[in-house]
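Below: one structure, written as structure tokens.
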Amino acid sequence: MHHASNLPVVQIVHRPGVLDLGWGHPDPAVLPVTVLQRATATVLARYGADALAYGAERGPGPLIEWLCTRLMDTDARAPEPADVVITAGASQALDLLCSLCTTPGDPVLVESPTYHLAVRILRDHPLDLIAVPSDADGIDVAALEALLARMARRGKRARMLYFIPTHHNPTGVCMSLERRKALAALAAQYGVLLVEDDVYRELSYDAPAPPSVWSLAPPGTVARIGSFSKSLAPGLRLGYLTADASLTRRLIGSGLLDSGGGLNPFVALTVAEVCTSGDFDRTVAYLHATYRERRDALADGLRDYLPPGCRFTVPGGGFFQWVELPAEIDAGALLSCAEKTGVSYLPGSRFYLDAPRHNTLRLAFSLYPPHQLVEAARRLGEAITTGA
Ligand SMILES: Cc1ncc(COP(=O)(O)O)c(C=O)c1O
């Protein structure tokens, strides 16, 4: 790609010679450039100046209506239009929820480990973050109950709980249905707003994604945030939120939306065109096939090349493979050796608020084609064997 400026256009920084599985970005080669080209032209022809006006605060009707029918197919319950707000990505949805539902210093619970950049958003507000442990079935609901009871005895109430129950970043775990139900009941009992990060729902490779906690919970308990970053393209900066209508009314009445109107209205109308034309379905089908193959290639490579004592569970969706090294190996200390061998990753400690498990790491299989993922696994195995 040739750009006229020397200043950067994209966020990613490439390092020659390094297969960098640290970035949780899509491969530029899979981004739907021609689909967006077509939809943009169609939207300008169909809506004219309306496509370029300040948008309706909730987001454009065609996208909201499409989302309601889509979630009927991909989730256990469809929202009503009044339950939906279109946002500038999941990140912005989380930021807006923090702005309107918390006061600086409020106690906020965070599943641990978790998406490290969501923690940065929560800290911007700034909130008093408290880790909630999780295991191979998702959040440890019994530990959460004990924590909430302990806080209540001290007269404290957690304002929110941020968590990723479906194809978790970084662990790939899907929370069990039993725990989803128990969590919903517990949150309702203690008056904690669950902020369910659901950005990988469309990227389920083996089976349909489980019902969202939003779909299982009493009204008003959950704000679920979704995104088109993973199912179409992150540069669209487009996502959405489903929550009780009383909460979405507060969000669309915020100063931000009152001043600027709905978020990214031109992009939102364009994405509505992509969705209703059938291009969304075709793109997602292509992404499933592509990412499934990549996930499997990386898993095969890890099976072939990681030394004994390394453990991993192949995820059913999303972008990430979590790897547990033998207990005595520190993935942070190993990183410089790995990079000399030509592979990089994010050390697992980056994803914990407290008590990090140093012998873990996260590999993204989204950015490279299968043969490079196999080579990355080979280099990782070599680094572990020689560097440890
Ligand atoms: C769990 C999770 N939430 C949110 C995001 C960011 O989403 P968006 O691009 O919609 O802001 C990501 C991106 O990696 C993610 O993994």
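Indexing begins at 1, ligand by ligand and atom by atom, following the structure's order.
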Which atoms of ligand 1 are found less than 4.0 Å from any heavy atom of [X]?
{"X": "Ile164", "result": "1 (C)"}
{"X": "Ser227", "result": "8 (P), 10 (O)"}
{"X": "Arg237", "result": "8 (P), 9 (O), 11 (O)"}
{"X": "Lys230", "result": "12 (C), 13 (C), 14 (O)"}
{"X": "Val199", "result": "1 (C), 2 (C), 3 (N), 4 (C), 15 (C)"}

If you have a sec, work out which protein heavy atom is nearest [atom] and how many Å separate them, to one decimal?
{"atom": "atom 5 (C) of ligand 1", "result": "Tyr115 CE2, 3.6 Å"}
{"atom": "atom 7 (O) of ligand 1", "result": "Ala90 CB, 3.7 Å"}
{"atom": "atom 11 (O) of ligand 1", "result": "Ser91 OG, 2.6 Å"}

Problem set entry | Pairing of Asp83 and Arg224 as salt bridge, 4.0 angstrom limit |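 The answer is no: the pair does not qualify as a salt bridge.
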For this session: Please verify whether a non-hydrogen atom of Tyr200 lies at under 4.0 Å from ligand 1.
Result: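 The answer is yes, since Tyr200 has a heavy atom less than 4.0 Å from ligand 1.
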Exercise. For ligand 1, is there an atom lying under 4.0 Å from some heavy atom of His25?
Worked result: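 No; His25 lies far enough from ligand 1 that no heavy-atom distance drops under 4.0 Å.
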Exercise. Hydrophobic clusters join Ile, Leu, Val, Met, Phe, Trp and Tyr when side-chain heavy atoms are under 4.5 Å apart, directly or via other members; which others share one with Val374?
Worked result: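 Its cluster partners, ordered by chain and number, are Tyr305.
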Exercise. Under 3.5 Å, is there a donor-acceptor pair between the side chain of Gln321 and the main chain of Phe312?
Worked result: no
Exercise. Does Thr42 use its side chain to pair, donor to acceptor, with the backbone of Arg38 at less than 3.5 Å?
Worked result: yes
For this session: May I ask whether Val274 and Val33 are part of the same hydrophobic cluster, defined by side-chain heavy atoms of I, L, V, M, F, W, Y residues being less than 4.5 angstrom apart, directly or through others?
Result: no
For this session: Answer with yes or no after comparing the ring centroid distance for Tyr291 and Phe319 against a 6.0 Å cut-off, counting only values under it.
Result: yes
For this session: Please determine, by modelled atom types, if Arg180 and Thr166 share a side-chain donor-acceptor pair under 3.5 angstrom.
Result: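 There is such a pair between these side chains.
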For this session: Check Ser229 against ligand 1 and report side chain, backbone, both or neither, counting heavy atoms closer than 4.0 Å.
Result: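 The part of Ser229 near ligand 1 is the side chain, not the backbone.
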Problem set entry | Identity of the nearest option to atom 4 (C) of ligand 1, non-hydrogen atoms only, from Thr166, Asp197, Asp95, Asn169 |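 Going through Thr166, Asp197, Asp95, Asn169 one by one, Asp197 has the nearest heavy atom to atom 4 (C) of ligand 1.
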Exercise. Can you find an N or O of Gln92 that's nearer than 3.5 Å to an N or O of ligand 1?
Worked result: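 No, there is no polar N/O contact under 3.5 Å.
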Problem set entry | Leu238 N/O to ligand 1 N/O under 3.5 Å | no
For this session: Carefully, step by step, assess Thr386 and Cys337 under the rule side chain to side chain contact (heavy atoms under 4.5 Å, CB included).
Result: CA-CA 9 Å; Thr386 59; Cys337 170; 4.2 Å; yes
Problem set entry | Stepwise side chain to side chain contact (heavy atoms under 4.5 Å, CB included) check, Phe266 with Leu52 | CA-CA 6 Å; Phe266 178 56; Leu52 301 177; 4.1 Å; yes
